[in-house]
2 protein chains.
Amino acid sequence: MSSYCIHSASDKALSWRGGRGVGCATTGVTMSDATQTERAGKAIRDLIISGVVLPGERLAEVQLAERLNMSRTPVRSALNTLRYEGLVESLPGRGYAVASFAAEDLRHAVELRGLLEGTAARQAAERGAAIFEVDQLNRVLRDIDALFEDQTTWKDHVHEYINLNEEFHRLLIESAQNPVLARLYEQLIKLPFASPSDLVVGYWHLPGSYEKFTAAQHQHWAIVESITAGRGTRAEFLGREHAEITTKALGEMLRSGALSRDLMATAARRPRPAARG
Amino acid sequence: MSSYCIHSASDKALSWRGGRGVGCATTGVTMSDATQTERAGKAIRDLIISGVVLPGERLAEVQLAERLNMSRTPVRSALNTLRYEGLVESLPGRGYAVASFAAEDLRHAVELRGLLEGTAARQAAERGAAIFEVDQLNRVLRDIDALFEDQTTWKDHVHEYINLNEEFHRLLIESAQNPVLARLYEQLIKLPFASPSDLVVGYWHLPGSYEKFTAAQHQHWAIVESITAGRGTRAEFLGREHAEITTKALGEMLRSGALSRDLMATAARRPRPAARG
DNA sequence: TCCAAGGTCAATGTATACAAAATTGTCAAC
DNA sequence: GTTGACAATTTTGTATACATTGACCTTGGA
């Protein structure tokens, strides 16, 4: 079984959620987390994302525990957590099953992320963002600009771009100083391919990615500009429009097959448990 | 300790989350749920909402297990769940503590609810809501109209209004046919006093409530009207504006002391764990 | 041959025992 | 008197054994 880590197609094997050096699904043990529960969570997540277990398939506790070389207790705990992250669904009295995601779900998630980011930008603009926060946003954007200066070498710095892009979006949410919004955002981007990084990971090697990324960066600047100027409405709609680029990129990714097709429900949305894998 | 159920001040003792006939925090056993875990979840929730345990206070597993007459296992599971509902915070390696809510958090939650409901309304309008869904929304609104016909007796039907109001908001979210949005909404309204019902429960006996409720009902009609007419932008902004009424009501509730003050963090936002209760 | 009822079995739900970690209290030294 | 380290105790994290529920298969009857 050569299904290894995520995106076996992509040679650079960018990890899915910035987990630094986490082991792969088959073992799930090589990483050095604090608790067994965390190890279980990451391992099961990998199993799902990498497509080792398919959508709709049941996740039996004993089976998982054996596979991960631990007892049922941390596995149970991790499954309960993953339920709230939307990766697994709980069956009434029969444990859990891998959640199914349709392409439509991904589009919805991206659109909602734009909505929340736009709201954060508006609130930051309306309350008057602190100088410190704006400075941080500007610094990140200048760093990203530097990466894109040379169109011939920018692909060598994709990792840096991913980190900076993620930091920008995180700072943007923080700038609203709205813990409830931040919590909701956190929950949303835990869905597969709903976070800013995930989409970059899947998109950067496609043709035309440079133009998309520079256009997105243009919007980044405009958002910060709006916040600084206290133009809340413009900030909000720029945040939403920013998601439109992502949606477009998502569409290209789907057509190109860059997204692990296993994540998509091929037949109906959320097929019945299907006790038999 | 006469701290009993929720809102000891309000004589009619409306239950907090439509739990039909759930027992009270002190026992937590009288209800007949399927599993111990569910019982634990509801019981701990009651302990928090009713103010028996205070914000910032640590929740020790053994202590809770003894109090609820069960083992630590379901208590652990329930605490893990409540973490994702925002009622408790997990301390790194030291278990859990009751989450603190500032008045500002409640306002933020209500505003975000308006944002999501507005988005749902827009999406329903844009995709063209099915006749069946619109019919259901209209039916609920007609039923609510009937309740408010007689200004002298409407308070006898508060329970019915709560149910109908909740159903309207649920139908509104469903009309968008957006599972991701629905999931986010579900998570949001699990916060204390973020759901439509909770606010009605706390507000209906305050002076001027009749006018507020009828004004809200006016907006309900306008939202459905917009959806039917395919006017997405208007639908969205009506959804947001609808939250403004709620925010105003929330302010009055806070000033009147109708909200359990225990839920509010009196000192700083999210005080340090404070190992000593 | 099909349907129904019962039994068997596997998997989840729960309890408890054990291990590891952290906090608290105590004692001694500065 | 304050500060440091060490030990004792409480508390969380994990494993395992048991109970109970639900599913599947077999067997009997129509």
Side-chain angles (χ1 to χ4, degrees), chain A residues 27-44 47 53-54 56-84 87-99 271-277, chain B residues 27-44 47 53-54 56-84 87-99 271-277:
Chain A
T27 78
V29 186
T30 62
M31 42 195 171
S32 60
D33 279 304
T35 68
Q36 292 280 71
T37 303
E38 291 175 32
R39 271 190 286 276
K42 285 195 180 173
I44 298 172
L47 283 173
V53 291
L54 300 177
E57 196 170 338
R58 257 188 82 186
L59 291 171
E61 292 176 5
V62 279
Q63 169 195 336
L64 280 172
E66 282 173 15
R67 189 172 210 155
L68 306 176
N69 277 322
M70 58 180 72
S71 84
R72 279 176 55 210
T73 309
V75 171
R76 266 185 86 79
S77 182
L79 283 171
N80 187 22
T81 295
L82 287 171
R83 185 163 67 97
Y84 278 86
L87 269 84
V88 306
E89 300 173 341
S90 94
L91 284 61
R94 294 190 289 143
Y96 299 87
V98 180
R272 286 291 157 267
R276 196 124 303 272
Chain B
T27 78
V29 187
T30 61
M31 40 194 172
S32 61
D33 279 305
T35 67
Q36 292 280 72
T37 303
E38 289 175 34
R39 272 190 285 275
K42 284 196 179 171
I44 298 171
L47 284 172
V53 291
L54 301 177
E57 196 171 338
R58 261 187 77 186
L59 291 170
E61 292 175 6
V62 278
Q63 170 195 335
L64 280 173
E66 282 174 15
R67 190 172 209 157
L68 306 177
N69 277 322
M70 58 180 71
S71 83
R72 280 176 54 211
T73 309
V75 171
R76 268 185 85 79
S77 182
L79 283 171
N80 188 21
T81 295
L82 288 171
R83 184 162 69 96
Y84 277 86
L87 268 85
V88 306
E89 300 172 341
S90 96
L91 286 62
R94 295 187 289 142
Y96 299 88
V98 180
R272 284 292 156 267
R276 195 122 305 270

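Bear in mind that the values here come from a model prediction, so they are computed numbers and not experimental data. What's counted below: heavy atoms across the whole structure, side chains too, no hydrogens, waters or symmetry copies. So you know, we letter chains A, B, ... as the sequences are listed, proteins then strands, and number each from 1.
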Without decimals, in angstroms, what is the distance between A/Asn69 CG and D/dA15 C1'? 14 Å
When you measure only distances, ignoring hydrogens and angles, does the side chain of B/Arg72 come within 3.5 Å of the base of D/dG13 through a donor and an acceptor? yes
For B/Arg76 and D/dT12, what is the distance between atoms CZ and P respectively, to the nearest whole Å? 8 Å
In whole angstroms, the gap separating P of D/dT21 from CD of B/Glu38 amounts to 14 Å
Is there side-chain contact between B/Leu82 and B/Leu59, with at least one heavy-atom pair below 4.5 Å? no
Is a side-chain N or O of A/Arg39 found less than 3.5 angstrom from the main chain of A/Pro74, in a donor-acceptor match? no
Select base, sugar-phosphate, or nothing to describe what A/Thr37 touches, counting heavy atoms under 4.0 Å on all strands. sugar-phosphate
How many Å lie between CG on B/Leu91 and P on C/dA22, as a whole number? 13 Å
Looking only at the side chain of B/Ala60 (C-beta and beyond, no hydrogens), which of the listed nucleotides D/dT12, C/dT14, D/dT16 gets closest? D/dT12
Tell me: CG of A/Leu64 to P of D/dA15, nearest whole Å? 14 Å
Give the rounded distance in Å between these two atoms: CD of A/Glu61 and P of D/dT16. 15 Å
Could you give the CD-to-C1' distance, from A/Gln36 to D/dT12, as a whole number of Å? 14 Å
What residues form a side-chain hydrogen bond (donor to acceptor under 3.5 Å, both in side chains) with A/Thr81, not counting sequence neighbours? B/Asn80
Please compare B/Thr73 and B/Gln63 by the position of their nearest nucleotide in DNA chain D and report the one closer to 5'. B/Gln63
How close or far is atom C1' of D/dA19 from atom CE of B/Met70, stated in whole angstroms? 16 Å
Of the listed nucleotides D/dT11, D/dG13, C/dT12, the one nearest the side chain of A/Thr35: D/dG13
Describe the nucleic acid contact of B/Leu59 in one word from base, sugar-phosphate, nothing, applying a heavy-atom distance below 4.0 Å. sugar-phosphate
Look at the side chain of B/Arg94 and decide which nucleotide, out of C/dT14, D/dT12, C/dA22, has an atom nearest to it. C/dA22
Tell me, do A/Leu79 and A/Glu61 make a side-chain contact under 4.5 Å, heavy atoms counted? yes
Does a side-chain heavy-atom distance below 4.5 Å link B/Leu47 with B/Val98? no
